[in-house]
Undergrad: 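To start, I am sharing the structure in question, which I have written as C-alpha cells.
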Amino acid sequence: MSAVETVTQVSQTLTALNLRGGDQEQKTEPYPYANLLPHFSPEQYPPLTPFKHEDPGFRALKHADPLAFLKNATNVVELTPNLGTEVHGVNLAALDSEGRDQLALGVARRGLMVFRGQHEFIDRGPDSYLEWGRHFGRLHIHPTSGHPKDYPQVHLVYKDANSSYNFEREDSITSTVWHSDVSYELQPPGLTTFFLLSQPTTGGDTLFTSQISTLKKLSPSFVAFLRTLSAVHSGVEQAQFSRSGKRGGIVRREPVEHVHPVVRRHPVTGEEALYVNRQFTTRIVGLKREESETILKFLYDHIDKSADLQARVKWQPGTVVLWDNRVTAHSAIVDYGKSNERRHGARITPQAERPIPALEGLELPSL
C-alpha cells in the first residue's frame, strides 16, 4: 500500500468516526412526514374547466338519521351556538360512503367540525387523502402553493425556523387575513379538510367565522341591497406574490378573476351567506370606486370585529378539521414565529358549484 493510499484511508476512517460521533451527539429522529414536505413542481397546468358538481349532502337528506355517523362518538360539543362542533370517538378513516355523505351535511349545517384523535386518517398518506377528497368533489390543484412530490392535489402550508412557504403579508400589523379558500375560481371549494402534521408547542391556532351569522347581523334593508350585488374575486395578487420569488416562486396556472354574488345560497341547506373576503375580493361590480371601497371596508370590518360569531380551533396532534368554504371564512394565526418551531399542514380541497345567488335571477357578468 502506498503512502498516499494509507493517508487517504486514515483520513476517510477519521472522517467516518467524526461523522458517527457527531451523529451520537446531535442525533435527531427523522421527520415522519418528510414525504409530505413542500415540493414546487415547475409543471404548468391549463385553465380549469367547468364541471357539474353533485353535493353528497343531498344524499344524506334522504337518510332516516343524518347524524348516524356520530353514533359511536364519545363526546360531541358545540363550540359556539351557531358555528362549530367538536367530536371525539369517531374515526374518519372508517367512515363508509353513507357516513361521508352525512358528514358533508353535518359540516354544511354547522359550518365547521373538529375531529380529535384522527392519527389513522393522517398517517394513511396522500393516496388516501385523494380518495377521501374525491368523494366530496373534483380536487383542486392550487396554482402557487407547495405540495407533496407527485401529489399536486394536496395543498400544503409550511413554516419553520428557516423558511416559510405561506402567503404572508410582512408589511401588516396583524397576521389575521380572513378569507374563503381560492374564492377567485369559477367553482370555489365546498367541504374542505385540513390537518397539521407538525405544530408549534403553543400558537398557530385557526380562527373561523360564520358568514351566515355575519349576514344575519345586518339590517334587512341592507341585506336586500347586498343581494342585488356581485363582486370580483381575483387570484392576481397571490400569483404576483409567488412571481416575486416568495412561497417557492412558482405559478403553475395563470391567475383568474371571476364574479360571484355578494350573498350566496347554500345548495343543500338553503342558508344565505355573505361571500366577500379581504384576501381575494377586489371590487363590487357596477359601483363607483369609492362606493365599492366603502361597502367592502364596512363588510370586512364587520367580519373582523364580530368575535361573537367566531370560533377558534386550538390544534392538538391528530386533529382533523372540516369546514364548508361556502358559508365560512377563516384565518391562520401566525403568532409562533419566535419559537422557531415547525407548522406543517395539509389541505384537501374539493371544488363545489359556482356560487348560487341568494337573489333569484341575479345575472353574474363575465370579465
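Heavy-atom basis, side chains included; hydrogens, waters and symmetry copies ignored.
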Undergrad: Can you name the closest pair of heavy atoms from Ala311 and Thr80 and give their distance?
TA: CB-CG2, 4.0 Å
Undergrad: For His258 together with His233, are the ring centres under 6.0 Å from each other?
TA: no
Undergrad: Is any side-chain heavy atom of Thr144 less than 4.5 Å from a side-chain heavy atom of Ile250?
TA: no
Undergrad: What is the minimum heavy-atom distance between Asn35 and Pro148, and which atoms define it?
TA: O-CB, 3.8 Å
Undergrad: Could you tell me whether the side chains of Tyr336 and Asp205 share a donor-acceptor contact shorter than 3.5 Å?
TA: no
Undergrad: Just checking, any donor-acceptor pair under 3.5 angstrom between side chains of Gln187 and His53?
TA: no
Undergrad: Side-chain donor-acceptor pair under 3.5 Å between Thr319 and Gln316, yes or no?
TA: no
Undergrad: Honestly curious: do Phe121 and Leu139 fall in one hydrophobic cluster under the side-chain, below-4.5 Å linking rule?
TA: yes
Undergrad: So does Arg138 pair up with Glu353, basic N to acidic O under 4.0 Å?
TA: no
Undergrad: What pair of heavy atoms forms the shortest contact from Leu364 to His260, and how long is it?
TA: CD2-C, 4.1 Å
Undergrad: Decide whether His88 and Thr74 meet the rule of one side-chain donor and one side-chain acceptor closer than 3.5 Å.
TA: no
Undergrad: Any carboxylate oxygen within less than 4.0 angstrom of a Lys/Arg side-chain nitrogen, looking at Arg109 and Asp324?
TA: no
Undergrad: I'd like to know whether Asn91 forms a side-chain contact (heavy atoms from CB on, under 4.5 Å) with Glu120, so could you lay out the CA-CA distance, the side-chain angles of the two residues, the decisive distance to 0.1 Å, and finally the verdict.
TA: CA-CA 8 Å; Asn91 183 4; Glu120 181 183 352; 2.8 Å; yes
Undergrad: Check whether more than 12 heavy atoms from other residues, nucleotides or ligands sit under 6.0 Å from atom CZ of Arg283, and answer yes or no.
TA: no
Undergrad: Are Phe195 and Leu191 co-members of a hydrophobic cluster defined by side-chain heavy atoms under 4.5 Å apart?
TA: yes
Undergrad: Are Arg59 and Asp101 within salt-bridge range, i.e. N to O under 4.0 Å?
TA: yes
Undergrad: Please check if any side-chain donor atom of Trp178 sits under 3.5 Å from a side-chain acceptor atom of Thr209, or the reverse.
TA: no
Undergrad: Return yes if a side-chain donor-acceptor contact under 3.5 Å exists between Asn277 and Ser180, otherwise no.
TA: no
Undergrad: Is it true that Arg100 and Asp96 make a salt bridge, defined as a side-chain N closer than 4.0 Å to a carboxylate O?
TA: no
Undergrad: Between Leu61 and Leu103, is there a shared hydrophobic cluster once you connect ILVMFWY residues whose side-chain heavy atoms come closer than 4.5 Å?
TA: no
Undergrad: Which pair of non-hydrogen atoms, one from Pro47 and one from Arg253, has the smallest distance, and what is that distance?
TA: CA-CD, 4.0 Å
Undergrad: Please assess Leu95 against Phe69 for the test side-chain contact (heavy atoms from CB on, under 4.5 Å), listing each intermediate value before the final yes or no.
TA: CA-CA 7 Å; Leu95 288 184; Phe69 75 106; 4.2 Å; yes
Undergrad: Within 45° of the six-membered ring axis of Tyr275 and under 6.0 Å from that ring's centre, is NZ or CZ of Arg264 located there?
TA: yes
Undergrad: Checking side-chain polar atoms at under 3.5 Å, does His330 have a donor or acceptor matched by the opposite partner on Thr206?
TA: no
Undergrad: Is any side-chain heavy atom of Pro126 closer than 4.5 Å to one of Leu130?
TA: no
Undergrad: So, for His39 and His147, is the gap between ring centers shorter than 6.0 Å?
TA: yes
Undergrad: Please tell me whether Asp181 and His155 have a donor and an acceptor in their side chains that are separated by less than 3.5 angstrom.
TA: no
Undergrad: Would you say CD of Glu290 has more than 12 non-hydrogen atoms from neighbouring residues, nucleotides or ligands within 6.0 angstrom?
TA: yes
Undergrad: Is there a donor-acceptor contact under 3.5 Å linking the side chains of His344 and Tyr31?
TA: yes
Undergrad: For a quick test of reading the model, state the closest non-hydrogen atom pair linking Gly235 to Pro255 and the distance between them.
TA: O-CB, 3.6 Å
Undergrad: Of all heavy-atom pairs between Thr228 and Leu362, which one has the smallest distance, and what is that distance?
TA: O-CD1, 3.4 Å
Undergrad: Take a 6.0 Å sphere around CD of Glu54 and say whether it holds more than 12 heavy atoms from other residues, nucleotides or ligands.
TA: no
Undergrad: Under a 3.5 Å threshold, yes or no: a donor from one side chain and an acceptor from the other, between His140 and Glu185?
TA: yes
Undergrad: Taking the basic N atoms (NZ, or NE/NH1/NH2) and the acidic carboxylate oxygens, is any pair closer than 4.0 Å for Arg343 and Asp160?
TA: no
Undergrad: If you define the side chain from C-beta out and look only at heavy atoms, does anything of Leu36 sit under 4.5 Å from Tyr151?
TA: no
Undergrad: Do the rings of Phe194 and Trp315 sit parallel, tilted or perpendicular, given the 30° and 60° boundaries?
TA: perpendicular
Undergrad: Start with the C-alpha distance between Asp304 and Arg278, add both sets of side-chain angles, then the distance that settles side-chain contact (heavy atoms from CB on, under 4.5 Å), and finish with yes or no.
TA: CA-CA 10 Å; Asp304 291 348; Arg278 193 183 291 275; 2.5 Å; yes
Undergrad: For residues Thr85 and Arg110, is any side-chain donor paired with an opposing acceptor at under 3.5 Å?
TA: yes
Undergrad: With no hydrogens and no angle check, just 3.5 Å: does a side-chain donor-acceptor pair link Asp127 and Tyr129?
TA: no
Undergrad: Identify whether Tyr33 and Ile348 are in the same connected component of the hydrophobic contact network (ILVMFWY, side-chain heavy atoms under 4.5 Å).
TA: yes
Undergrad: Hey, which of His266, Arg227, Gln211 is the one that makes side-chain hydrogen bond (donor to acceptor under 3.5 Å, both in side chains) with Glu272?
TA: Arg227
Undergrad: Could Glu254 and Arg243 be called an ion pair, given the rule that one side-chain N must be under 4.0 Å from one carboxylate O?
TA: yes
Undergrad: Does any donor atom in the side chain of Ser306 or His302 lie under 3.5 Å from an acceptor atom in the other side chain?
TA: yes
Undergrad: After noting the C-alpha distance and the side-chain angles of Leu309 and Lys217, does the key distance pass the side-chain contact (heavy atoms from CB on, under 4.5 Å) rule?
TA: CA-CA 10 Å; Leu309 308 178; Lys217 285 283 188 177; 3.7 Å; yes
Undergrad: Pairing donors with acceptors under 3.5 angstrom, does anything connect the side chains of Asn82 and Ser210?
TA: no
